[in-house]
Each structure stands twice: as C-alpha cells, then as structure tokens.
Amino acid sequence: MKKLFSADRRDYILSFGIVIAAFAIVQAMILTGNITSSLKGQLVPICAYIVMAVSLNLTVGVLGELSLGHAGFMSVGAFTGIVVTTVLADAVPLAPLRLALAIAVGGLFAGVAGVIVGVPVLRLKGDYLAIVTLAFGQIIMNIVNVLYIGLDENGLHFSLLEQKFELAEGGKMVINGPIGVSGVSKLSTFTAGFVLVLVTLFLILNLMHSRTGRAVMSVRDNAIAAESIGISITRYKLLAFVVSAVFAGMAGALYAMNYSTVTAAKFDFNTSILVLVFVVLGGLGNIWGSVIAAALLTVLPELLRAVNDYRMLLYAILLIVMMLFNNSKLKERLLARGRKEVE
C-alpha cells in the first residue's frame, strides 16, 4: 500500500485527478447552460496559466532558480504561433491541426530563446539571475513593439522600421509594431487547453521523477556535492530552464489564439509576477498545488464581482491568507494526516 501511494504516484494521481475532474465538471456546466459567459471566456486563459505555472515551477521549485522573465518566453510563443497560423491558413484548413502546429512551433522558438538566454545567464545566481531574466522579458516586449511582419505573394517580410516596410498588392500585415496583431483567428478551445495541460503534466512529472529530475534537484540542494559525483551543473540547469521555456511558449501560442487582438503589453512584467505568485502559493516543487493556484487565482476576481467595490481588497486579503496557510504548520499536519490515512 505504501508503494502504491508513494510520493511520485501521489503527484500523478492528484495532478491528473484534479484536472480531469475539473474538465468533466466544466463540460457538464457548459452542456447544461449553468456557466456564465465571463467564466466561459476564461477557460482557455486558465489552461494557459496552468501550463505557465507548472513550467515555471520546474525552474523555481525544482531547479531552485528565480526567474522573472517567463512572460518573455510566453510572448515568443504567442507571436510565433500567430505567424504560423497566418502562413498556414490556406495550406492547413483544419483548425485543430493548425493550432497544434502553432503550439509546437511556438514552443520550439521559445526553447531556442531559452538556450540563448540560459547559456550566459545561468552562471548567475539568486537576485542577479532574477534581474537578468526580468531584463530579458522587457527586451522581448520592446522588440515586438518595433517588429513589423507582413505576408504577401512573395512570402514573409520582416523589418524593424515601419518606413522601410512595403508589401505587394493584396499583402497582409501580421505583426504591426506597437499596434500588435489584429484579426487573429480564434482557434483555441477549452478542449485544446485541457489536452495541453495533460501533456504538460505528463512530461514534467515524468521528468521530475526520472534520473534527470533527481539530478536537477541535487544541483538545487547542493551544487558542489552534485558536481563532485560527476553531475554537470551547467547541463542540468540549462535543461530545466529550456524545458520550462518550451512549455511557456506553448502556453503563449494557446493564449494568443484565444483573442482577436494581441499586443506585447499582454506579456509584460506583471504577467511574470502573476505566474510566480501561482507557483509560490501552490508550493515550490508542488505541481498539483500550481494547478489549483493558477485556476483559483485566475477565476477569483470574476467570482468577487458581486462585491465589486471591495473586489481587489478581498482578493489581496485572500492572497495573504493563502500565503500564511501555505507556510504554516497546520498545512504540514493536514498533509501528514492525509498521507497516514491513505497508507
């Protein structure tokens, strides 16, 4: 019985159980018409934020490095996904397949960005790493603000200067500098988000409980001891960082395909902090906690609209209460009692 409910199996059961149960409940609410339009519109963003929180937990909770530029990887995936869906609009008429390709390519480009950023900055630690990743997020946002991409009969055209950008007759602007993107095909669905969450949970939980995951955690706990037994600190740090970036890019593509208009401002510093709050409140290294925190804190402001005048005040108070509980001995006792009952 103890082996059946070991730590890794418990993580799998709780994480997948929570997500599948939530999906079934929401689908039942949709079929019976017992869901508000505002909540229905938040379903895809909730899925995107869950993927973001779980992926950032790999860097912050499992690797033990503070990153404040996660929204930058999300932005890379979002705008890459938009370009991909625009280019493939005629070649791939099937919307789910086009969305899947956009998510995959968005994750790939975010992973490349993760390598570019990770190779030089992962030599830093603590506050220094946090500041550099924060700067990366701001750099990405400013690059998008001056980026012009268009599509015409001659293919894609790129420019950082609006004056030097010309398209053939019948051409279409894809990314229009600070204006961003308008007329995006809304391909994202709650089912697609649910599938992406399951894929993210499966791959990251398997990584965490594999030999590679244990090596990453050994680097977090004691880098000198890990290096003394032959574990490459740079390799495993970069691996966790890049995997985290890939899933952030995939979440960004899913998120962007849910809106008709997308600007770089959607992926600013506040978004990185919001995702970090999800991770901290859910518990560092606690995957199912990140799932619950991301879903709850995304939908909570809408649930508090009944007390609109005090909505953000109550939201802040609830954040403080959740943080106090998360770091209290009461939580540890409740979890310990639950494990004993299961065993």
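Here Leu58 contributes atom CG and Leu205 contributes atom CG; the two are 10.5 Å apart, rounded to the nearest 0.5 Å. Within the model, atoms CG of Asn286 and CG of Leu14 stand 8.5 Å from one another, a figure rounded to the nearest 0.5 Å. With rounding to the nearest 0.5 Å, the separation of NZ in Lys266 from OH in Tyr255 is 4.5 Å. A distance of 5.0 Å separates CG of Leu68 from CD1 of Ile273, quoted to the nearest 0.5 Å. Note that the CZ atom of Phe73 and the CG atom of Leu56 stand 10.0 Å from one another [nearest 0.5 Å]. Leu88 CG to Leu94 CG: the interatomic distance, rounded to the nearest 0.5 Å, is 12.0 Å.
Residues meeting the side chain to side chain contact (heavy atoms under 4.5 Å, CB included) test with Val44, sequence neighbours left out: Ser188, Leu254, Asn258. The side chain to side chain contact (heavy atoms under 4.5 Å, CB included) check on Leu147 picks up Ile149, Leu160, Ile175, with sequence neighbours excluded.
Of the options Leu203, Leu196, Leu198, a side chain to side chain contact (heavy atoms under 4.5 Å, CB included) to Thr200 is made by Leu196 and by none of the others.
For the pair Arg220 (side chain) and Val60 (backbone), a donor-acceptor distance under 3.5 Å is absent. The main-chain N or O of Ile179 is never found under 3.5 Å from a side-chain atom of Asn176 such that the two would form a donor-acceptor pair.
Identified under the side-chain hydrogen bond (donor to acceptor under 3.5 Å, both in side chains) test for residues 88-110, with sequence neighbours left out: none.
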Inset, instruction - Might you work through the side-chain contact (heavy atoms from CB on, under 4.5 Å) test for Ile231 and Ser218, ending with a clear yes or no? - result: CA-CA 9 Å; Ile231 294 176; Ser218 71; 3.3 Å; yes

Inset, instruction - Check step by step if side-chain contact (heavy atoms from CB on, under 4.5 Å) holds for Phe194 and Val199. - result: CA-CA 9 Å; Phe194 169 71; Val199 171; over 6 Å; no

Inset, instruction - Step by step, work out the side-chain contact (heavy atoms from CB on, under 4.5 Å) result for Met74 and Met52. - result: CA-CA 8 Å; Met74 188 183 187; Met52 287 287 289; 3.7 Å; yes

Inset, instruction - Give the C-alpha distance, both sets of side-chain angles, the deciding distance and a yes or no for side chain to side chain donor-acceptor pair (under 3.5 Å) between Ser55 and His70. - result: CA-CA 9 Å; Ser55 63; His70 216 51; 2.9 Å; yes

Inset, instruction - Verify side-chain contact (heavy atoms from CB on, under 4.5 Å) between Ser15 and Ile287, making sure each step is shown before the conclusion. - result: CA-CA 7 Å; Ser15 300; Ile287 298 301; 4.0 Å; yes

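Transitive grouping of hydrophobic side chains (ILVMFWY, heavy atoms separated by less than 4.5 Å) keeps Ile139 and Val117 in distinct clusters. Taken together through direct or relayed side-chain contacts under 4.5 Å among Ile, Leu, Val, Met, Phe, Trp and Tyr, Tyr128 and Val121 form part of one hydrophobic cluster.
Between Tyr236 and Thr212, the shortest heavy-atom distance links the atoms CE2-CG2, 3.7 Å. Listed here is the closest heavy atom pair of Met217 and Met208: CE-O, 3.4 Å. Shown here for Leu99 and Leu187, the closest heavy-atom pair between the two residues is CD2-O, 3.6 Å. The nearest pair of heavy atoms linking Phe278 to Ala53 is CB-CB, 3.9 Å. For the pair Ala78 and Ala256, the tightest heavy-atom approach, listed with the atom from each and the gap, is CB-CB, 3.7 Å. The two residues Tyr259 and Val184 come nearest to each other via the heavy atoms O-CB, 3.3 Å.
Between Tyr12 and His209, the ring planes lie tilted relative to each other; the angle falls in the 30° to 60° range.
Taking the centre of each ring, Tyr148 and Phe158 stay at or above the 6.0 Å mark. Aromatic pair Phe109/Phe79: ring centres not closer than 6.0 Å.
Crowding of Ile229 atom CD1: a count of heavy atoms from other residues, nucleotides or ligands under 6.0 Å exceeding 12.
Side-chain atoms of Thr261 and Val181, non-hydrogen and from C-beta on, never get closer than 4.5 Å to each other.
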